[in-house]
Amino acid sequence: MSGTKTFRESPEDLTEGLFLGTDAGTIAYRTAMGQAQQAVLDAYLRRATPYSGASHEQQAAQLASIECLPEDGRGLPATIELVAETVLQHSVGVSDPACVAHLQCPPMIPALAAEAMITATNQSLDSWDQSPSATELETRLVDALAEVFGYEEHSDGVFTSGGTQSNFMALLLARNWYLDDRFDHNARIDGLPPEIDSLRILCSEDAHFTTRQSAAQLGLGENAVVTVPTDDEHRLSVDALDSTVQTLCERDLQPFALVGTAGTTDFGSIDPLTPLAQRAHEHNMWFHVDAAYGGALAFSERHNEKLSGIALSDSISIDFHKLFYQPLSCGAFLLRESDRYRYIDRNAAYLNPESDDTDGVVNLVSKSVQTSRRFDALKPFIAFQTLGRAGIAELIDYTLELATAVADTIAADPAFELKHEPTLNAVVFRYLPTTDANGSATSETNEVNERIRDRLRAEGDAIIARTTVDAETYLKFTLLNPQTTISDVERILEAIKQYGTEITPLYEQKTNNDASAEE
């Protein structure tokens, strides 16, 4: 019929070499993976520094010249070359021993092999029929993790994108559980009741920001989070908690959730979990432990006692893309009582019909706030199968020993101030450019430390972090990399002192000039 578009009976000219499932696809896959691997080796791993030193202005200008959505393609080899020159060359070298800034680990090779399998098979962990073996494996792995953390057989859990999502899930369940338990109200069906304004979440002053973020997303508002003072080791103070709970109750406010932290971002501090669990039980609060950072200690015979009491929690967040050395993203949420999933589960006829529940078919969408979800559980599974629990524990233990050695080195050098003794592998300190007659840091200290950090990055010497403690600027080593040695850190410390010596006079002169101008 005139004007009717002819249907393309065979799309081979469109799909040739684009998808797996054909001989041409197999050849193209092998070639593409080889080219991508070579680009990583040449443009990323062979660089001699942890960062190229390019500023954000330079990177923005370079990428601005590239059309992101071109009308015509350039082919894969040319595209990989483009990415190597513009992206890989200026990516942070997370495997470099001098990359010691954030909770951003070097990914281990077994996990990179797992990633290749994950992406090629593209299993979606929402329904069993989309991911049969992957669903079964994740379920088994969650059960094994729950046992490690001391949960009983009726526990449950699911893999997540990381601590942010896990913490959100904990507080979502906690809110819905409390509204049902206290007010006989179904928040999943009926929304938030008038009493919602009285609900409060407790956590330490050093807890992760995602507690406040979750409160905002749950309709409670950030003001629903009440922070409790910490002790000298940056752990939630139990005495202060008791006082806070009493004050809230006197004001007719209802603390429904208590978040304990096992590994604060800055100091790696671990809250006293056992007494917190006792307080939560006494006051009918959901006790969640954010162990995204410190949860790995459960596998260390030397350090697992630091997590004593974690088995008394209602839920736990753990991350594998920190101290387990897995590529982003990879986390898990563990739930002590599996029946509490009823506060968020739902059924969709096309995805997880109720008949599947009756037949015992596992559809993980019922346990997650995601629908389509990657098979990230394969990464830690392959890592543990490759190294065993003992091998993983040795990597963790080494980094904690390194942090102690680094802290001792800093404490012994009068050019530095050590802010704390490390609990995990975070070391907070600062360079002291000069001191006044009382031995206190001068007003230039904050500026000098800021500029030292910038100079280290710009010169490609090291990537280190900064933080603020008591309104003062500090530097931070996050020693996640098992390849980093004490010698590597000593070289960074020497560079800090060198740059500090060069930078300090500039800020002292600036201060003098500012003072003269005011006069």
Side-chain angles (χ1 to χ4, degrees), residues 18-21 25 29 32-33 36-37 40 83 87 91 94 103-146 156-170 172 210 214 217 291-293 295-296 315-335 341 344-346 348 350-352 356 361-386 392:
L18 277 181
F19 300 95
L20 293 172
Y29 176 67
M33 294 297 283
Q37 289 172 358
V40 170
V83 170
V87 179
S91 295
V94 296
L103 290 166
Q104 184 180 10
C105 70
M108 63 170 60
I109 302 302
L112 299 183
E115 280 284 7
M117 300 180 199
I118 291 168
T119 56
T121 57
N122 202 36
Q123 305 295 283
S124 184
L125 272 291
D126 42 349
S127 62
W128 189 91
D129 62 346
Q130 295 181 82
S131 54
S133 59
T135 295
E136 299 296 340
L137 178 58
E138 177 171 316
T139 302
R140 289 285 306 280
L141 185 53
V142 164
D143 289 343
L145 288 168
D156 209 334
V158 71
F159 268 67
T160 67
S161 62
T164 297
Q165 185 182 113
S166 296
N167 291 342
F168 173 80
M169 287 188 64
L172 170 63
T210 50
S214 296
Q217 293 168 341
Y293 181 9
S315 55
I316 302 171
S317 298
I318 53 175
D319 274 3
F320 294 96
H321 53 235
K322 292 184 173 68
L323 267 174
F324 290 98
Y325 308 107
Q326 305 303 297
L328 293 164
S329 57
C330 193
F333 170 75
L334 302 180
L335 182 64
Y341 262 130
I344 63 169
D345 67 2
R346 64 174 55 255
Y350 78 97
L351 194 62
N352 63 329
D356 277 4
V361 177
V362 177
N363 295 302
L364 294 177
V365 68
S366 302
K367 303 176 183 180
S368 177
V369 294
Q370 293 177 265
T371 304
S372 300
R373 186 166 58 82
R374 302 177 80 244
F375 183 22
D376 286 320
L378 185 62
K379 293 182 284 192
F381 175 78
I382 287 181
F384 275 99
Q385 291 295 313
T386 302
I392 297 290

List the atom pairs, with distances to 0.1 Å, where a side-chain N or O of residues 325-332 and a protein N or O form a donor-acceptor pair under 3.5 Å, not counting sequence neighbours.
{"unit_1": "Tyr325", "atom_1": "OH", "unit_2": "Leu480", "atom_2": "O", "d": "2.9"}
{"unit_1": "Gln326", "atom_1": "NE2", "unit_2": "Phe324", "atom_2": "O", "d": "2.8"}

Mind checking the [atom1]-[atom2] spacing from [X] to [Y]? Nearest 0.5 Å is all I need.
{"X": "Ser368", "Y": "Met169", "atom1": "OG", "atom2": "CE", "result": "5.5 Å"}
{"X": "Phe375", "Y": "Ser133", "atom1": "CZ", "atom2": "OG", "result": "6.0 Å"}
{"X": "Gln123", "Y": "Leu137", "atom1": "CD", "atom2": "CG", "result": "11.5 Å"}
{"X": "Thr371", "Y": "Leu125", "atom1": "OG1", "atom2": "CG", "result": "12.0 Å"}
{"X": "Ile109", "Y": "Thr386", "atom1": "CD1", "atom2": "OG1", "result": "11.0 Å"}

Taking Asp319 for its side chain and Gly163 for its backbone only, find out whether a donor-acceptor pair lies under 3.5 Å.
-> yes

Stepwise side chain to side chain contact (heavy atoms under 4.5 Å, CB included) test for Gln130 and Leu351 | CA-CA 9 Å; Gln130 295 181 82; Leu351 194 62; 3.5 Å; yes

Regarding Ser214 and Asn167, is there a side-chain donor-to-acceptor distance under 3.5 Å anywhere?
-> no

What closest approach, in Å, do [X] and [Y] show between heavy atoms, and which atom pair accounts for it?
{"X": "Phe159", "Y": "Leu141", "result": "CZ-CD2, 3.6 Å"}
{"X": "Ile392", "Y": "Phe384", "result": "CG1-CE2, 3.7 Å"}
{"X": "Ala383", "Y": "Met108", "result": "CB-SD, 3.7 Å"}
{"X": "Ile318", "Y": "Gly295", "result": "CG2-CA, 4.2 Å"}
{"X": "Ser127", "Y": "Ser131", "result": "O-OG, 3.1 Å"}
{"X": "Ile344", "Y": "Ser366", "result": "CG1-O, 4.3 Å"}

With heavy-atom distances below 4.5 Å as the criterion, would you say the side chains of [X] and [Y] are in contact?
{"X": "Ile316", "Y": "Leu145", "value": "no"}
{"X": "Val369", "Y": "Phe333", "value": "no"}
{"X": "Thr139", "Y": "Leu364", "value": "yes"}

Sequence neighbours excluded, the answer for side-chain hydrogen bond (donor to acceptor under 3.5 Å, both in side chains) partners of Gln37 is none

Please name all residues satisfying salt bridge (Lys or Arg N to Asp or Glu O under 4.0 Å) with Asp156, sequence neighbours left out, ordered by chain then number.
-> Lys367

Quick one: which residue pairs count as a side chain to side chain donor-acceptor pair (under 3.5 Å) with a foot in residues 105-121, not counting sequence neighbours?
-> Glu115-Arg374, Glu115-Lys379

Can you run down the salt bridge (charged side-chain N to carboxylate O under 4.0 Å, His left out) pairs that involve residues 130-142, sequence neighbours left out, and say none if there aren't any?
-> Glu138-Arg373

So which pairs with a foot in residues 123-133 pass salt bridge (charged side-chain N to carboxylate O under 4.0 Å, His left out), sequence neighbours left out?
-> none

